[in-house]
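Data block below; observations after.
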Amino acid sequence: MGLRSNIMALLLHLLLMLASTAKCQSIFDITTYGAKPNTDITQVLANAWKDACASTNPSQLLIPTGVYQLNQSLLIGPCNSTIEVRMEGTLQAHPDPIGIGLVLFRHIDQLTISGTGAFDGQGEKGWEKNDCHLKKACTRLPMNVRFNFITNSIVKDITSLDSKNFHINLLSCKNVTFQNVTIIAPEKSPNTDGIHVSNSEEINILNTKISTGDDCVSVGDGNKQITITNVTCGPGHGISIGSLGKYTTEKEVAGVTVKSCNLINTSNGVRIKSWPDSAVAYTASDLHFEDIEMVNVSNPIIIDQEYCPSNQCNKKIPSKIKIRNVSFKNIRGTSATFVAIKFICSKDLPCDDVEVADINLSYTGTQGRITSQCRNVIPIITGKQNPRACIEVAPINSPSTD
Ligand SMILES: *[C@@H]1O[C@H](CO)[C@@H](O)[C@H](O)[C@H]1NC(C)=O
Ligand SMILES: *[C@@H]1O[C@H](CO)[C@@H](O)[C@H](O)[C@H]1NC(C)=O
Ligand SMILES: *[C@@H]1O[C@H](CO)[C@@H](O)[C@H](O)[C@H]1NC(C)=O
Ligand SMILES: *[C@@H]1O[C@H](CO)[C@@H](O)[C@H](O)[C@H]1NC(C)=O
Ligand SMILES: *[C@@H]1O[C@H](CO)[C@@H](O)[C@H](O)[C@H]1NC(C)=O
Ligand SMILES: *[C@@H]1O[C@H](CO)[C@@H](O)[C@H](O)[C@H]1NC(C)=O
Ligand SMILES: *[C@@H]1O[C@H](CO)[C@@H](O)[C@H](O)[C@H]1NC(C)=O
Ligand SMILES: *[C@@H]1O[C@H](CO)[C@@H](O)[C@H](O)[C@H]1NC(C)=O
Ligand SMILES: *[C@@H]1O[C@H](CO)[C@@H](O)[C@H](O)[C@H]1NC(C)=O
């Protein structure tokens with residue numbers, strides 16, 4: 001073969017490669033369905049979704065630049081092919097707390113949500129009505145984005161603003177990745193957890209920034225293989241496993257890794273929490289926290305099995321959640337309170353295999369010397385220890401932070 005035919009062959013090869021990687025997506029633009037900025041697009045979005053979901057080749061549901069009002073939207077599969085929701089604009093909720101959430105995605109495989117747009121919950125009016133931090137039977141406010149039974153999917157680049165309740169909620173999902181997501185709500189907005197995951201497996205949350213009024217990421221019951229990497233939290237209540245043991249329907253937790261995260265100005269750092277007088281008994285195991293940086297965090301490292309905010313439970317009956325195989329490794333930075341490490345485990349089911357290694361925390365205030373407190377746990381302590389875990393016995397009835 002001559003040089004020319006070699007070059008031709010190379011070009012042909014390149015062309016074929018390009019063709020196979022380029023997506024031949026059918027685009028379903030909501031504006032061609034009649035959506036206009038600053039109007040309610042609930043029906044229009046439903047129509048566009050129906051066609052995009054029915055498409056037998058990969059489809060893209062496009063939300064172009066602009067602010068569109070949405071009451072509540074159920075985007076339900078299964079769909080005939082892969083589907084991408086491309087958010088260039090903002091989907092804005094009604095300020096009144098109506099419905100079940102801004103958008104609920106359900107029963108979809110290979111969903112992608114992308115774009116620099118936002119889900120805006122307009123939560124301010126709702127936050128005033130929220131009483132869930134005060135009592136068990138409370139008014140349930142709508143969430144921004146809910147994912148139920150979603151598999152093999154990616155959510156990237158988008159923003160969630162001012163949700164009335166949790167920003168992003170995952171229920172019964174498998175293999176879903178969140179990356180480069182931004183979540184913003186004020187410090188004083190109740191129950192506005194950033195990402196809450198339950199009954200799910202293979203969930204990855206990475207390169208994400210969450211400023212909110214409640215937990216940054218909360219990993220509820222029934223989860224397996226949850227990985228949280230390079231997430232920056234603050235303000236808010238920190239990264240939490242739990243709360244566990246409140247409802248009879250709950251199932252075990254196995255495998256949560258929190259790695260390379262930053263907590264700034266949060267009321268807790270990395271936390272495992274379960275209710276006393278649990279409604280159910282199960283195990284929470286293989287929970288690992290590694291390479292964490294704290295900046296002015298109030299309870300940097302905490303296991304609280306007497307989690308009982310606003311004293312709505314009986315702390316005298318020990319938690320029935322067994323915590324096992326936990327590690328806190330390479331955790332550094334500053335604590336806003338002098339109790340930098342607190343482990344309160346269940347009297348009936350002490351925590352087992354808790355490893356604490358390489359801690360370098362300093363207390364920035366003037367209330368006392370940096371210390372640590374424990375009950376019902378004997379941790380394995382290695383490496384640098386400032387402070388060493390379990391210097392003191394934790395007082396009975398120490399109040400829980402939210
Ligand atoms: C999938 O495609 C078939 C054939 O075009 C159609 O009849 C069906 O309604 C589509 N399914 C969905 C979920 O839209
Ligand atoms: C919002 O949706 C709910 C349920 O679909 C409906 O009852 C209500 O009237 C809608 N509100 C507005 C303002 O469209
Ligand atoms: C997880 O989902 C991604 C995105 O659809 C896919 O590329 C990957 O193959 C899936 N992984 C498994 C183990 O199915
Ligand atoms: C992350 O998302 C922002 C929009 O929120 C976007 O501008 C930026 O390009 C994304 N970064 C990467 C690495 O994709
Ligand atoms: C961590 O996430 C931030 C976005 O919050 C990103 O800019 C940075 O590149 C990520 N770091 C790594 C090592 O991926
Ligand atoms: C922490 O919060 C204080 C008080 O709200 C604020 O002044 C400070 O800038 C915050 N620090 C960081 C690093 O965000
Ligand atoms: C502890 O958790 C790690 C990570 O999930 C796992 O590899 C290891 O087998 C567990 N150890 C025990 C004793 O269960
Ligand atoms: C540290 O956090 C406390 C409590 O959240 C706050 O009052 C204080 O302003 C913060 N200090 C700095 C230096 O950010
Ligand atoms: C502990 O952290 C301080 C500042 O946060 C730093 O100066 C010091 O070198 C660290 N010590 C070790 C052994 O890493």
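Values below: every heavy atom of this structure, side chains too, minus hydrogens, waters and symmetry copies. Each ligand, and each atom within it, is numbered from 1 in the order the structure gives.
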Under a 4.0 Å threshold between the charged nitrogen and the carboxylate oxygen, would [Y] count as salt-bridged to [X]?
X      : Y      : value
Asp131 : Arg140 : no
Lys273 : Asp304 : no
Arg375 : Glu306 : yes
Lys246 : Asp221 : no

### Message
Taking the side chain as everything from C-beta on, heavy atoms only, tell me whether Asp353 gets closer than 4.5 Å to Val326.
### Response
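No, their side chains stay 4.5 Å or more apart.
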
### Query
Any side-chain heavy-atom pair from Ile323 and Gln305 closer than 4.5 angstrom?
yes

### Query
Which ligand 1 atoms, with their elements, are less than 4.0 angstrom from a heavy-atom of Ala54?
1 (C), 2 (O), 12 (C), 14 (O)

### Message
What I want to know is whether Asn230 and ligand 5 share at least one N or O pair that is separated by under 3.5 angstrom.
### Response
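Yes: some nitrogen or oxygen of Asn230 is under 3.5 Å from one in ligand 5.
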
### Shell of residues surrounding ligand 6, defined by a 4.0 angstrom heavy-atom cut-off that is strict
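Within the 4.0 Å shell of ligand 6, which is judged on heavy atoms, sit Ile264, Asn265.
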
### Query
Got a sec, which pairs hit disulfide bond (SG atoms under 2.5 Å apart) with one end in residues 61-126, sequence neighbours left out?
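Every pair satisfying disulfide bond (SG atoms under 2.5 Å apart) with a residue in residues 61-126: Cys53-Cys79.
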
### Message
Would the pair Cys216 and Cys233 meet an SG-SG distance criterion of under 2.5 Å?
### Response
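Judged by the SG atoms alone, which are under 2.5 Å apart, Cys233 and Cys216 are bridged.
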
### Query
Is there a heavy atom in Pro78 that sits closer than 4.0 Å to ligand 1?
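Under 4.0 Å: yes for Pro78.
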
### Query
Do any nitrogen or oxygen atoms of Asn80 lie less than 3.5 angstrom from nitrogen or oxygen atoms of ligand 1?
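Yes; at least one N/O pair falls below 3.5 Å.
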
